[in-house]
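Step one of this worksheet: look at the structure below.
In the text below, chain A, chain B and the rest are named by the order of the sequence lines, each starting its count at 1. What you see is a predicted model; the values in this text were computed from it and never measured.
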Amino acid sequence: MTENETTPGSNFITTIIETDLKANIHNGRLATRFPPEPNGYLHIGHAKSICLNFGVANTYNGTCNLRFDDTNPTKEDVEYVDAIMEDVRWLGFDWDDRLYYASDYFEQLFAYAVQLIQAGKAYVDDLSADEIRQHRGTLTEPGMDSPWRNRSVEENLSLFQGMRAGDFEDGSRVLRARIDMAHPNLIMRDPTLYRIRKTRHHRTGDTWCIYPMYDFTHCLSDSIEGITHSLCTLEFENNRTLYDWVLDNVDATCHPQQIEFARLNLSYTVLSKRKLIQLVEEGFVDGWDDPRMPTICGLRRRGYTPEAIRSFCDRIGLAKRDSVVDVALLEYTIREDLNKRAPRVMGVLRPLKVVIENYPEGQMDELEAVNNPEDPNAGVRKVPFSREIYIERDDFMENPPKKFYRLGPGREVRLRYAFFVTCTDVIKDQTTGEVIELRCTYDPTTRGGDAPDGRKVKATLHWVSAAHAVDAEVRLYDRLFSKANPDEKEADKTYKDFLNPEALEVLRDCKLEPCLADAGPGYFCQFERMGYFCVDTKDSQPGVPVFNRTVTLRDAWAKLQKKS
RNA sequence: UGGGGCGUCGUCAAGUGGUAAGACACAGGAUUUUGGUUCCUGCAUUCGGAGGUUCGAGUCCUCCCGCCCCAGCCA
């Protein structure tokens with residue numbers, strides 16, 4: 001990847017980093033980390049964090065670790081760690097040998113907890129979860145000390161060892177930091193450090209039955225790894241006080257700086273893990289990699305490229321204010337990337353048969369077509385033309401309105417790279433009145449698409465020779481929600497009520513150019529005038545391709561129609 | 001109404017006391033064998049509001065308003 005693709009623009013975090021580097025705060029060292037919990041699939045919001053963390057490491061000659069924050073065995077699974085690694089790699093980032101797991105630090109973390117107990121700064125509490133909540137107080141009232149808050153160091157030590165040894169049941173006791181039950185920041189009212197969970201962990205198995213909490217684990221993991229700047233999202237701002245407290249009250253040598261930034265919100269989509277899970281589990285989509293999903297694997301299957309996603313992340317900026325980025329920007333970045341790279345091909349999605357009456361039966365012509373007008377190196381190809389072809393149903397109107405430039409009775413248009421044709425007759429279904437076929441004549445002197453007499457035509461249509469067409473299924477994808485902010489409160493409605501029924505339309509008798517017969521997974525192209533498409537990685541079979549629409553082309557005509 | 005944050009164009013976002021970048025979106029126009037691409041043009045006399053300091057304020061001060069986060073043995 002090129003330098004500027006991974007170089008986020010200047011923002012408040014790069015400003016801090018540059019200042020720190022200049023001041024030699026960490027001996028000129030920069031170390032970041034991307035710390036996902038392996039309890040779900042990565043989505044475009046994670047991509048923002050990945051691009052930030054790996055991006056600044058690249059820019060400032062630092063390092064970025066991949067660390068799994070796997071401290072809650074009830075929610076986590078190796079399925080997710082594998083998927084996360086695949087997605088980070090696919091996005092174009094490399095952690096070299098710096099792959100870590102918080103669970104690797106369980107023994108060290110336990111020792112740090114013992115330090116806290118020995119210093120009288122942590123205690124074993126026998127209160128139930130309910131009682132702890134009741135003792136916590138409220139936003140405006142101070143909490144109350146637990147009756148177990150003043151146990152001796154010896155008793156705490158022995159109890160904590162007992163917790164580790166499995167002597168107590170889940171939920172019967174926790175280890176708590178001994179801070180201040182009247183602290184104005186609720187996070188600091190004797191936060192839980194360890195809980196008992198007799199659950200098998202996907203990496204440590206049954207070695208442990210007590211597991212450290214996020215607030216205790218994260219800062220120490222950062223410290224152990226020598227992280228210099230610990231970048232996280234805004235909802236952890238309150239936790240920073242505890243992050244610093246733990247590091248200040250234990251003999252940690254490295255004290256990273258936690259900096260919070262606003263998480264990504266995208267219009268017309270939801271990004272909360274809880275909602276994404278619901279969409280999958282309740283069958284609103286076909287899985288985590290459903291091309292309608294904002295997950296990395298969904299976007300990948302949809303045809304988004306790593307380059308486009310990185311470009312998007314660079315363009316959205318970074319700040320501390322809550323914001324909603326317009327999904328149009330994401331669509332812009334994929335078009336921008338594919339425009340330069342996608343080969344052009346003709347594909348008729350909703351076919352309408354056209355017979356060229358003055359073109360000899362049984363004859364065939366091979367026309368030369370440019371593979372990509374944006375890329376001379378892409379070369380040319382031959383496209384077969386014959387008496388019977390298909391054009392797009394939307395490219396013909398029996399009673400064309402004012403600004404409709406395409407085909408109509410008696411009108412002449414250009415078939416791309418082929419000939420000028422004029423519509424001479426419209427054939428309809430006797431009973432339904434539906435247009436089922438068009439009769440045209442062609443001008444043989446316009447071969448290639450230019451008229452020797454210099455006459456012009458208002459439209460150029462894509463087409464496919466009927467005899468040579470490849471039949472294919474094409475899936476038209478669109479935005480998952482029809483409402484810009486699906487989370488906005490509206491009388492007894494939830495985001496699920498705003499799912500866009502047109503987010504998926506399956507077309508089964510599409511006619512594609514013959515060169516697409518062997519297109520396999522990984523192939524992407526532009527169907528001229530229609531949009532960018534890619535071969536579906538799951539449902540496509542050799543010889544029977546399935547294409548996914550990644551994004552439409554910008555469409556001035558559609559915009560005009562919408563207006564009227 | 002405890003504490004922590006945040007308010008600059010429709011949407012993101014620069015700006016760090018010297019006279020409001022850029023991008024997307026939108027609207028015009030030009031070129032075009034994709035109503036695509038590309039190229040031009042327009043798009044905040046004003047920075048949540050009101051006062052104040054200053055020769056000068058989006059930037060500093062005061063007060064007010066609005067939004068977000070925190071009462072998991074989740075992360």
Side-chain angles (χ1 to χ4, degrees), chain A residues 9-11 15 35-37 39 69 71-72 74-75 125 127-130 132-143 170-176 182-189 191-197 210-211 213-215 217-218 232-241 260 262 267 273 314-333 335-336 339-340 344 346 369-370 373-374 403-406 414-418 420 446 448-450 456-462 484 526-531 552-560:
Chain A
S10 134
N11 57 58
T15 301
E37 181 188 14
N39 70 343
D69 219 335
T71 58
N72 186 353
T74 60
K75 294 187 165 183
D125 195 344
L127 254 29
S128 70
D130 254 15
I132 287 181
R133 190 184 329 118
Q134 282 155 17
H135 279 72
R136 185 148 29 225
T138 68
L139 294 180
T140 49
E141 300 157 333
D170 283 19
S172 61
R173 284 183 230 261
V174 291
L175 181 74
R176 290 230 259 169
H183 199 109
N185 179 354
L186 300 233
I187 300 260
M188 298 298 280
R189 320 245 260 226
T192 301
L193 268 20
Y194 270 87
R195 76 286 218 186
I196 303 170
R197 279 256 201 294
I210 57 171
Y211 293 93
M213 299 285 289
Y214 166 85
D215 284 305
T217 308
H218 204 92
C232 64
T233 44
L234 248 28
E235 66 269 28
F236 292 103
E237 264 174 330
N238 297 316
N239 303 248
R240 188 177 62 237
T241 315
E260 310 86 12
S267 62
K273 202 171 265 182
D314 289 346
R315 286 164 176 273
I316 55 178
L318 192 73
K320 292 195 73 157
R321 66 183 83 124
D322 290 312
S323 59
V324 182
V325 174
D326 193 339
V327 73
L329 182 60
L330 218 212
E331 295 167 347
Y332 170 84
T333 60
R335 287 192 188 107
E336 179 190 44
N339 176 51
K340 291 174 301 191
R344 269 59 167 178
M346 293 192 286
V370 172
E374 303 296 316
K403 297 236 169 137
F404 185 85
Y405 302 148
R406 284 109 93 147
R414 169 169 38 231
L415 294 179
R416 181 140 229 224
Y417 298 123
F420 282 16
T446 58
D450 279 311
K456 300 289 181 203
V457 99
K458 290 202 92 170
T460 299
L461 311 187
H462 61 281
Q526 179 194 106
F527 289 168
E528 293 216 39
R529 307 206 302 134
M530 302 306 287
T552 61
L553 257 31
R554 281 177 63 199
D555 190 346
W557 167 239
K559 213 175 273 177
L560 252 179

First encountered from the 5' end of RNA chain B, between A:Tyr332 and A:Asp69: A:Tyr332
Upstream residue (5' side of RNA chain B) when A:Ile187 and A:Tyr417 are each assigned their closest nucleotide: A:Tyr417
Check whether any side-chain heavy atom of A:Leu127 lies under 4.5 Å from a side-chain heavy atom of A:Gln134, and answer yes or no. no
Contact class for [X] (heavy atom, under 4.0 Å): base, sugar-phosphate, or nothing?
| X | value |
| --- | --- |
| A:Thr333 | nothing |
| A:Tyr211 | nothing |
| A:Phe404 | base |
| A:Arg321 | base |
| A:Ala319 | sugar-phosphate |
| A:Met188 | nothing |
| A:Lys458 | nothing |
| A:Glu374 | base |
| A:Leu553 | base |
| A:Pro35 | nothing |
| A:Val324 | sugar-phosphate |
| A:Arg416 | base |

Spacing of [X] atom [atom1] relative to [N] atom [atom2], expressed in whole Å:
| X | N | atom1 | atom2 | value |
| --- | --- | --- | --- | --- |
| A:Arg335 | B:G35 | CZ | C1' | 14 Å |
| A:Asp215 | B:A75 | CG | P | 8 Å |
| A:Glu235 | B:C6 | CD | P | 15 Å |
| A:Leu193 | B:A75 | CG | C1' | 15 Å |
| A:Arg133 | B:C70 | CZ | P | 16 Å |
| A:Leu234 | B:G7 | CG | C1' | 13 Å |
| A:Asp450 | B:U34 | CG | P | 11 Å |
| A:Arg315 | B:A23 | CZ | C1' | 6 Å |

B:A25: pairing nucleotide in any strand, Watson-Crick or G-U under 3.5 angstrom: none
Pair assignment for B:U38, Watson-Crick or G-U wobble, requiring both distances under 3.5 Å: B:A30
[M] and [N], which share atom name [atom1], separated by this distance in whole Å:
| N | M | atom1 | value |
| --- | --- | --- | --- |
| B:A14 | B:C69 | C1' | 26 Å |
| B:G4 | B:U8 | C1' | 23 Å |
| B:G35 | B:A44 | P | 32 Å |
| B:U19 | B:C12 | C1' | 25 Å |
| B:U59 | B:U54 | C1' | 13 Å |
| B:U16 | B:A25 | P | 28 Å |
| B:C40 | B:A20 | C1' | 24 Å |
| B:C9 | B:G52 | C1' | 28 Å |

Any N or O donor-acceptor pair under 3.5 Å from the base of [N] to the side chain of [X]?
| X | N | answer |
| --- | --- | --- |
| A:Arg406 | B:G35 | yes |
| A:Gln526 | B:U34 | yes |
| A:Asn238 | B:G5 | no |

When you get a sec, tell me which of [options] is the closest nucleotide to the side chain of [X]?
| X | options | value |
| --- | --- | --- |
| A:Arg344 | B:C74, B:G36, B:G4 | B:G36 |
| A:Ala556 | B:C12, B:A75, B:G36 | B:G36 |
| A:Lys320 | B:C6, B:U37, B:A14 | B:C6 |
| A:Ser323 | B:G72, B:A27, B:C12 | B:C12 |

Flag, side chain of [X] to backbone of [Y], donor-acceptor distance under 3.5 Å:
| X | Y | answer |
| --- | --- | --- |
| A:Thr71 | A:Met213 | no |
| A:Arg136 | A:Gly143 | no |
| A:Arg315 | A:Leu330 | no |
| A:Asp69 | A:His218 | no |

Under 4.0 Å between a side-chain N or O of [X] and OP1 or OP2 of [N]?
| X | N | answer |
| --- | --- | --- |
| A:Lys273 | B:C74 | no |
| A:Arg554 | B:U37 | yes |
| A:Arg240 | B:G4 | no |
| A:Arg189 | B:C70 | no |

How far apart are the C-alpha atoms of A:Thr241 and A:Ile187, what are their side-chain angles, what is the distance that settles it, and do they pass the side chain to side chain contact (heavy atoms under 4.5 Å, CB included) test? CA-CA 8 Å; A:Thr241 315; A:Ile187 300 260; over 6 Å; no
If you round to the nearest 0.5 Å, how far is CG of A:Leu461 from CZ of A:Arg414? 9.5 Å
NZ/NE/NH1/NH2 to OD/OE distance under 4.0 Å, A:Glu37 and A:Lys273: no
